[in-house]
Amino acid sequence: MADNTKRTRKYFGTDGVRDIANTGNMTPEFALMLGRAYGLFVKRTRLIEKPKIVIGRDTRFSGTMILSALATGLNSVGVDVTDIGVIPTPGVSFVLAHNEEFQGGAVISASHNPAEYNGIKFLDHNGFKLTDENELEIEDNMLLDFCENRPTKSDLGQSDFSDKYANSYLNELKKLFISIAGTNKKIVVDSANGAASEYVEKIYSLLKSETSFIANNPNGMNINAMVGVTHMNTLIKETCAKRADLGIAYDGDADRILMCDSKGRIIDGDIMLWVLARWMFKNNKLGSGVVATVMSNMVLEDLLKKDGIKVFRCGVGDRYVLDKMREKGSLLGGEQSGHIIALDHANTGDGISSGILFLKAVEELGDDISDLVDNFDRYPQVLTNVIIKDKEAVLSHPLLLEAVEEAERLLGKRGRMLLRPSGTEPMIRIFVESRDQELMNFVAKMLEDVIKSIVC
């Protein structure tokens, strides 16, 4: 296996490989090569001559094309494939965690991106996302001689389809919903015309409360089209118009969830973590504390500290949240963007189950949903992007290091700052947070000016 120390991935981003379908890194040819590379990785790591992989997808028009190519690549190196159809990403994770017959899995989805995009992300045999090192090994496998590793006769892999696994995930969600069946809240659900569309009416019908649905009629090209977590105004308008207590939105593959209250104010991942952490702590099911990313608002720490709950910080990305959770022994973690991981219920972000748990938590805590935003008194934040080509050279420049030291001195305990290179674009992101808005803006401008002076 190659030495992956200090290497960066060429194709994989923070959540798999993604591009406009039939172009760049999301052509059938590329998907076939990626399937071969992942198949070889699974055979090496699981030490099985003929492994079996499960594949799910969202509702995109290009999904079946990418599926065919990916499965062909896997079959060509002697890996069997079971296609389980349209299913949320956490559904594929659930299937892996509960079926030992599979040695790995893949999800064909571009998450919150528009319909013309598609992507591929891989999971291990337990339903966890792969590590950076795993993905580097898969990229190395793509460079192997294409003429090698070609089994013949019955050693070839085969593909089949089964809907029983998707039904098992649906039944698990129904079991969870039964625990909140008595809620009397009026709810609007936005499925983003994505993978959640085939599930929400079947499970929310178990509630005694009035529930209405929007964006749950996918046609292959309307996924995330002015709906879902990246277009919350659609849900907000519908929630206010129906005078509902709560609006719930998912993204294309339903691993993220955002909400809005009856006044149309967004309930993001930070607020959900605050609610869920208190509830889980009360029931002795939290573990060592909560994991949040460096982007989560400081008020989350302030509020949870009052209840004796620790907050552990990690880098941006739900798999880095999971890594930190496993390191610290935490059973809850997530991001502002709505990736929520509750390890007692899922091995990855699961928007549908997170929403159920949130409803159960507010009921048992006696929280009023309409008060949550008011009570979560956020620190002001500013995020500035500075376009830069050589990000690493700028970040290590003595002038910037000196400016960072001064910024930290000025903020002290009144705030925090963060500089980080974009993982996908030629820019450095400046993040500053403080109750003192004048100080916050001064520090952000100072750092921006120093970066620009270095480039000039």
Side-chain angles (χ1 to χ4, degrees), residues 52-60 63-64 67 81-102 105-109 111 121 123 126-128 160-183 187-220 223 228-229 248-257 259 338-360:
K52 192 172 183 180
I53 299 299
V54 61
I55 302 180
R57 60 185 172 87
D58 67 20
T59 57
R60 292 165 204 274
T64 53
L67 169 66
V81 171
T82 296
D83 166 22
I84 59 174
V86 173
I87 186 172
T89 289
V92 179
S93 175
F94 172 84
V95 170
L96 286 164
H98 292 82
N99 293 274
E100 293 183 358
E101 65 186 283
F102 297 113
V107 181
I108 299 169
S109 172
S111 190
K121 45 192 169 185
L123 305 172
N126 288 317
F128 293 110
D160 62 13
F161 173 81
S162 176
D163 60 5
K164 74 174 184 178
Y165 300 103
N167 288 332
S168 69
Y169 174 61
L170 174 62
N171 290 334
E172 185 68 18
L173 291 174
K174 285 181 176 180
K175 288 179 188 176
L176 194 55
F177 252 88
I178 290 172
S179 67
I180 60 165
T183 185
I187 301 170
V188 178
V189 179
D190 175 352
S191 300
N193 290 316
S197 300
E198 297 190 15
Y199 292 80
V200 290
E201 290 196 43
K202 295 174 183 176
I203 53 182
Y204 277 92
S205 63
L206 298 172
L207 299 182
K208 293 180 180 178
S209 60
E210 179 184 341
T211 306
S212 56
F213 304 92
I214 62 174
N216 65 327
N217 292 294
N219 62 16
I223 186 171
V229 298
I248 298 174
Y250 306 111
D251 65 343
D253 66 335
D255 66 349
R256 283 173 57 192
I257 178 174
M259 304 179 183
H339 278 122
I340 304 294
I341 304 173
L343 271 183
D344 275 351
H345 300 276
N347 289 344
T348 187
D350 189 335
I352 299 178
S353 70
S354 295
I356 303 170
L357 295 173
F358 174 86
L359 287 168
K360 188 174 179 67

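Hydrogens, waters and symmetry mates are skipped; everything else that's a heavy atom, side chains included, is used.
Using a 4.5 Å heavy-atom cutoff, the side chains of Phe94 and Leu173 are not in contact. Asp255 is listed as a side-chain neighbour of Ser111, based on a closest heavy-atom distance under 4.5 Å. Counting heavy atoms from C-beta on, the side chains of Phe213 and Ser197 never come closer than 4.5 Å. Two residues are said to be in side-chain contact when any heavy atoms from C-beta on lie closer than 4.5 Å; Leu170 and Lys202 meet this criterion. In this structure, Glu101 and Thr82 have side chains that are not in contact, with every pair of non-hydrogen atoms separated by 4.5 Å or more.
Taking CG of Asp344 as the start and OG of Ser353 as the end, the distance is 11.0 Å to the nearest 0.5 Å. Residue Lys174 holds its NZ atom at 8.5 Å from CG of Asn167, rounded to the nearest 0.5 Å. Distance OG1/Thr211 to OH/Tyr204: 7.5 Å, rounded to 0.5 Å. Atom CD1 of Ile84 is separated from atom CZ of Phe102 by 7.0 Å, given to the nearest 0.5 angstrom. One distance of note links CD1 of Ile340 with CZ of Phe358; it measures 10.0 Å at 0.5 Å rounding. To the nearest 0.5 Å, atoms CG (Leu96) and CG (Leu123) are separated by 6.0 Å.
The main-chain N or O of Asn126 is found under 3.5 Å from a side-chain atom of Asn347 such that the two form a donor-acceptor pair. A distance-only check finds no donor-acceptor pair linking the side chain of Ser354 to the backbone of Gly351 [under 3.5 Å]. Between the side chain of Asp58 and the backbone N or O of Arg60, at least one donor-acceptor pair lies under 3.5 Å. Using modelled atom types, one side-chain atom of Thr59 and one backbone atom of Asn193 make a donor-acceptor pair closer than 3.5 Å. A donor-acceptor pair is defined here as one N or O able to donate and one able to accept, closer than 3.5 Å; such a pair exists between the side chain of Asp190 and the backbone of Gly228. With hydrogens and angles ignored, the 3.5 Å screen pairs no side-chain donor or acceptor of Asp83 with any backbone N or O of Asp160.
Taking the six-membered ring for Trp and the full ring otherwise, Tyr199 and Tyr250 have centroids separated by 6.0 Å or more.
The shortest heavy-atom contact between Ala254 and Asp251 is N-OD1, 2.9 Å. Asp253 approaches Ser109 most closely through the heavy-atom pair CB-OG, 3.2 Å. Of all the heavy atoms in Pro90 and Thr348, the pair that sits closest is CA-CG2, 3.8 Å.
Side chains of Asn216 and Ser191: a donor-acceptor N/O pair is absent below 3.5 angstrom, by distance only.
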Discussion item. I'd like to know whether Thr64 forms a side chain to side chain contact (heavy atoms under 4.5 Å, CB included) with Arg57, so could you lay out the CA-CA distance, the side-chain angles of the two residues, the decisive distance to 0.1 Å, and finally the verdict.
Written reply: CA-CA 8 Å; Thr64 53; Arg57 60 185 172 87; 3.8 Å; yes
